[in-house]
Engineer: 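Take a look at this one; I'll ask things after.
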Amino acid sequence: MLMFRTQVTDLIRHERIRTTEAKAKEVQGLVEKVITLGKKQSLSHRRQALTFVTDERMVRKVFDELAERYATREGGYTRLIKLEPRKGDGASMALLELVA
């Protein structure tokens, strides 16, 4: 679970990550929930986000920047793009990014 928390934090920080397709699909749902918490703008929701996101500055980014960016959007804050398989073991790779 800590790996997913770290990937959600990294996705918020860099707004795109490259990972395996299976991990990307799992992280996609988690980051959507965190952004939805950010749109609600209450202290309770901020604390819930703080329990999941590992960096307090990224929680501020969710509540200040991303909540404003996605204010009129009902969902679908991320995009999953499939990439070519990894050379070493052939694992299917994907690029997970926040929609602009």
Engineer: Find the distance between CZ (R69) and CG (D64) and round it off to the nearest 0.5 Å.
Structural biologist: 12.5 Å

Engineer: Give a yes or no on this: more than 12 heavy atoms of other residues, nucleotides or ligands lie within 6.0 Å of atom CD of E56.
Structural biologist: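 Not more than 12 within 6.0 Å, no.
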
Engineer: How about R47: does its CZ atom have over 12 heavy atoms from other parts shown lying under 6.0 Å from it?
Structural biologist: no

Engineer: For a quick test of reading the model, state the closest non-hydrogen atom pair linking A91 to T20 and the distance between them.
Structural biologist: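 Minimum heavy-atom separation between A91 and T20: CB-CG2, 4.4 Å.
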
Engineer: Restricting to non-hydrogen atoms, name the atom on L11 and the atom on L98 that form the minimum distance, rounded to 0.1 Å.
Structural biologist: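 Here L11 and L98 meet closest at O-CD1, 4.1 Å.
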
Engineer: Should K23 and M3 be marked as a side chain to side chain contact (heavy atoms under 4.5 Å, CB included) after you check the CA-CA gap, both sets of side-chain angles, and the distance that decides it?
Structural biologist: CA-CA 9 Å; K23 288 179 190 171; M3 176 186 60; 3.8 Å; yes

Engineer: Any chance CZ of R73 has more than 12 other-residue heavy atoms, nucleotides or ligands included, within less than 6.0 Å?
Structural biologist: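 Count over threshold, so yes.
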
Engineer: With a 4.5 Å cut-off on side-chain heavy atoms, are I12 and D55 touching?
Structural biologist: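 A side-chain contact is absent here, since even the closest heavy-atom pair is not under 4.5 Å.
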
Engineer: Under 3.5 Å, is there a donor-acceptor pair between the side chain of R18 and the main chain of L95?
Structural biologist: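 Here the side-chain-to-backbone pair does not exist.
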
Engineer: Just one of E97, E32, E15 clears the side chain to side chain donor-acceptor pair (under 3.5 Å) bar with T78, so which one?
Structural biologist: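 Running side chain to side chain donor-acceptor pair (under 3.5 Å) over E97, E32, E15 with T78 returns exactly one hit, E32.
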
Engineer: Nearest 0.5 Å, what's the CD-OG distance between E84 and S92?
Structural biologist: 12.0 Å

Engineer: Nearest 0.5 Å, please: how far is CG in L30 from CZ in F52?
Structural biologist: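 Going from the CZ atom of F52 to the CG atom of L30 covers 4.5 Å.
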
Engineer: Does any non-hydrogen side-chain atom of R60 lie less than 4.5 Å from one of E65?
Structural biologist: no

Engineer: Assigning hydrophobic clusters by single linkage (Ile, Leu, Val, Met, Phe, Trp, Tyr; side-chain heavy-atom cutoff under 4.5 Å), is M93 placed with V27?
Structural biologist: no

Engineer: Can you name the nearest heavy-atom pair linking L37 to A49, along with the distance?
Structural biologist: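 Heavy-atom minimum between the residues: CD1-N, 4.0 Å.
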
Engineer: So, Q41 side chain and F63 main chain: donor-acceptor pair closer than 3.5 Å or not?
Structural biologist: yes

Engineer: Measure the CZ-NZ distance between R13 and K61 for me, rounded to the nearest 0.5 Å.
Structural biologist: 9.0 Å

Engineer: Looking at E21, is its backbone amide N or carbonyl O close enough to the side chain of K82 to form a donor-acceptor pair, meaning the two atoms are under 3.5 Å apart?
Structural biologist: no

Engineer: Do V53 and L2 land in one hydrophobic cluster if side-chain heavy atoms of ILVMFWY residues count as linked below 4.5 Å?
Structural biologist: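 They do not share one cluster, since no chain of ILVMFWY contacts under 4.5 Å joins V53 to L2.
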
Engineer: Might you point out which heavy atoms bring A24 and L80 nearest each other, and give the distance in Å?
Structural biologist: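 Heavy atoms of A24 and L80 come nearest at CB-CD1, 3.4 Å.
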
Engineer: So how far is it from M1 CE to T6 OG1, rounded to the nearest 0.5 Å?
Structural biologist: 11.0 Å

Engineer: In terms of hydrophobic clustering (I, L, V, M, F, W, Y; side-chain heavy atoms under 4.5 Å; direct or indirect links), are I81 and L96 co-clustered?
Structural biologist: no

Engineer: In the structure I gave you, are the side-chain heavy atoms of K33 and T36 within less than 4.5 Å of one another anywhere?
Structural biologist: no

Engineer: Check whether any side-chain heavy atom of V8 lies under 4.5 Å from a side-chain heavy atom of M58, and answer yes or no.
Structural biologist: no

Engineer: I'd like to know if V34 and V59 are part of one continuous hydrophobic network [Ile/Leu/Val/Met/Phe/Trp/Tyr, side-chain heavy atoms within less than 4.5 Å].
Structural biologist: yes

